[in-house]
There are 2 protein chains.
Amino acid sequence: MATKETKQRGRPRSFDRETALEQAVRSFWEQGYEATSISDLTRTMGISAPSLYAAFGDKQALFREVVAEYGRLHGGFLDRAVAEEPTARRGVERALREAAAEYTLPGRPRGCLVISAAQNTAPASAEVADSLRAMRLANIGGIESRIRADVASGALPADTDAHALAHYVGSVIQGMSQQARDGADRTTLEAIAALAMKVWPDAP
Amino acid sequence: MATKETKQRGRPRSFDRETALEQAVRSFWEQGYEATSISDLTRTMGISAPSLYAAFGDKQALFREVVAEYGRLHGGFLDRAVAEEPTARRGVERALREAAAEYTLPGRPRGCLVISAAQNTAPASAEVADSLRAMRLANIGGIESRIRADVASGALPADTDAHALAHYVGSVIQGMSQQARDGADRTTLEAIAALAMKVWPDAP
DNA sequence: GTTTTTCTGTAGCGAGCGATATATAAATAT
DNA sequence: ATATTTATATATCGCTCGCTACAGAAAAAC
């Protein structure tokens, strides 16, 4: 393929797309999908509505980019922890510990965008709600697979209920996100995470 | 005081107020505060907008009645369990078990209205969001008090972290509500509840 | 230069929002 | 019967929603 590197014709964009996208992440993260209006977005992104639509498409397309950007910058710790640690236990332990920190970092919205941004949506936003729900289910499925792998390898007892344990972890993480949104501080979330790990089965 | 029992003058109401309120509970429970429009309500309640406003005041006043009715009919199990059982442990154990059942009962919305109905609200609904948040915090505070009472009476070890344990329980309950909304069945929630109780400290 | 392409600013679209003015209907009070 | 009171039905109100038409501005292509 030819590496085309010709200058882009026409009037250049007067704002930084990445910066604007980050502001959109913040708005959606704070207020959720439906409660964030185009008017909110144009204000926080510092651009006009036509510029927003030209650069990002409609609200739903912008939100799709926002979710991807959120995953890249903030939400990837769960996948990373589960993938990088040598056991399910250490992966989940690390993920919970990191969640306590991530969900309460000062200077940015609290909790998890994937968990909270598309709850209570009107039927018109069902597509968005379904996509985030699918991500949550995929996350729990990933934990469950990791647990099953450890059961198979003998790192976890043979009678471990992988389905229940994975959903328990998902439940705690989602609960921690809401606690963070309700004002719980990092210390409290870390205590929750530490308590939650007491459930983990001992290695056989 | 005189027991006035005179007949009410004027044209009588043509709908049953309680039945209409129950339909409003269902709508708000399903879709949340903001995503439920007056148009949704008039349709599900089977009355016209002026009748709704005459009988219940504005949307926010109706929602206040809805929350009270929800607590009376569906959401009271946590308080009851903690108040009626002889120990914090048994109270929480029962509350978690009942939550698994309540949150997945067929034929009605899933999860907990207090937990889910006012997330992701626009600034205009801050008052509603704050009131439900206050109820959540009060619920956790109630659990914490019950735990402290057991620590004082010797039913729990003296070094029990009541704050952390109460927030852990709150986290699990809120996580279970979201899991229910995401489709988890009663069996899964009961397994989560059973796992969660493994954290509970042994009696000294 | 002129043309072409792309972005920006203003202004406003149709639709739905929460809420209500007005007129009529249906009950009791006198 | 007539007056009074309350509820309902119709038809909106002003506002914000997501979104876009249109004209002017700013760049590269020629």
Side-chain angles (χ1 to χ4, degrees), chain A residues 4-21 23-24 27-28 31-66 117-118 120-129, chain B residues 4-21 23-24 27-28 31-66 117-118 120-129:
Chain A
K4 275 285 227 51
E5 205 43 66
T6 51
K7 266 281 187 149
Q8 165 107 336
R9 291 219 302 187
R11 177 172 175 175
R13 185 174 284 132
S14 68
F15 60 93
D16 182 62
R17 197 179 186 280
E18 191 68 13
T19 305
L21 182 58
Q23 286 310 115
S27 291
F28 279 125
Q31 296 207 311
Y33 177 69
E34 284 191 335
T36 302
S37 67
I38 300 292
S39 173
D40 289 335
L41 292 167
T42 57
R43 184 164 19 82
T44 61
M45 297 167 83
I47 62 179
S48 67
S51 296
L52 188 159
Y53 280 84
F56 298 101
D58 63 6
K59 187 183 181 182
Q60 193 172 323
L62 170 59
F63 186 72
R64 274 194 296 271
E65 277 202 59
V66 159
N120 292 331
T121 54
S125 308
E127 213 173 309
V128 167
Chain B
K4 275 286 226 54
E5 206 42 68
T6 52
K7 266 282 186 141
Q8 165 106 337
R9 292 219 302 189
R11 176 172 175 176
R13 183 174 284 132
S14 68
F15 61 93
D16 182 62
R17 196 179 187 279
E18 190 69 12
T19 305
L21 182 58
Q23 286 310 115
S27 291
F28 279 125
Q31 295 206 312
Y33 177 68
E34 284 192 335
T36 303
S37 68
I38 299 292
S39 173
D40 289 335
L41 291 166
T42 58
R43 183 165 19 80
T44 61
M45 297 168 82
I47 63 179
S48 67
S51 295
L52 188 160
Y53 280 84
F56 298 101
D58 63 6
K59 187 183 182 184
Q60 193 172 322
L62 169 60
F63 186 72
R64 274 194 296 270
E65 277 202 61
V66 160
N120 293 333
T121 54
S125 309
E127 214 172 309
V128 167

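Residue numbering restarts at 1 for every chain, and letters A, B, ... go by the order of the sequence lines. What you see is a predicted model; the values in this text were computed from it and never measured. All values below were derived from every heavy atom in this structure, side-chain atoms included, with hydrogens, water molecules and symmetry-related copies excluded.
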In this structure, how many angstroms lie between the [atom2] atom of [N] and the [atom1] atom of [X], rounded?
X      : N       : atom1 : atom2 : answer
R13(A) : dG9(C)  : CZ    : C1'   : 16 Å
L62(A) : dC19(D) : CG    : P     : 10 Å
F15(B) : dA25(C) : CZ    : P     : 20 Å
M45(A) : dG9(C)  : CE    : P     : 14 Å
F56(A) : dC19(D) : CZ    : C1'   : 16 Å
F28(A) : dG18(D) : CZ    : C1'   : 11 Å
R9(A)  : dA29(D) : CZ    : C1'   : 5 Å
L52(A) : dT6(C)  : CG    : P     : 19 Å

Open item on the list: Generate the contact string for nucleotides 14-24 of chain C. Rules: B means base contact, S means sugar-phosphate contact only, - means no protein heavy atom under 4.0 Å.
Closed with: ---SSBBB---
Open item on the list: Checking contacts here: which listed nucleotide (dA26(D), dG9(C), dT10(D)) is nearest the side-chain heavy atoms of P12(A)?
Closed with: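 So the side chain of P12(A) is nearest to dA26(D).
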Open item on the list: Do S125(A) and E34(A) pair up side chain to side chain, a donor and an acceptor below 3.5 Å, judged on atom types alone?
Closed with: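 A donor-acceptor contact under 3.5 Å links the two side chains.
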- [ ] For A54(B) and for G10(B), find the nucleotide of DNA chain D with the closest heavy atom, then tell me which residue's nucleotide is more 5'.
- [x]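 Checking each residue's closest nucleotide, the 5'-ward one belongs to G10(B).
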- [ ] Measure from NZ or CZ of K59(A) to the centre of the six-membered ring of Y33(A), then state whether that distance is under 6.0 Å and the direction lies within 45° of the axis.
- [x]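 Judged by the rule, K59(A) and Y33(A) form a cation-pi pair.
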Check: residues 47-54 of chain B side-chain donor-acceptor pairs under 3.5 Å, at least two apart:
residue	atom	partner	partner atom	Å
S48(B)	OG	S51(B)	OG	3.3

Open item on the list: Can you tell me if S51(B) touches the phosphate of dT8(D), counting only side-chain N or O atoms and a distance under 4.0 Å to OP1 or OP2?
Closed with: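 S51(B) to dT8(D) OP1/OP2: side-chain N or O found under 4.0 Å.
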Open item on the list: Measuring only between side-chain heavy atoms, which start at C-beta, is D58(B) closer than 4.5 Å to L62(B)?
Closed with: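 SC-SC contact between D58(B) and L62(B) ruled out.
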Open item on the list: Run the side chain to side chain donor-acceptor pair (under 3.5 Å) test on S27(B) and T44(B) for me, step by step, so that the C-alpha distance in whole Å, both residues' side-chain angles and the decisive distance to 0.1 Å come before the verdict.
Closed with: CA-CA 7 Å; S27(B) 291; T44(B) 61; 3.0 Å; yes
Open item on the list: Strictly below 4.0 Å, N to O, side chains only: are E65(B) and R17(B) in salt-bridge contact?
Closed with: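 The answer is yes: the pair qualifies as a salt bridge.
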Task: A118(B): partners by side chain to side chain contact (heavy atoms under 4.5 Å, CB included), with sequence neighbours left out - done: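 Per chain and number, A118(B) pairs via side chain to side chain contact (heavy atoms under 4.5 Å, CB included) with T121(B), V128(B), A129(B), L132(B).
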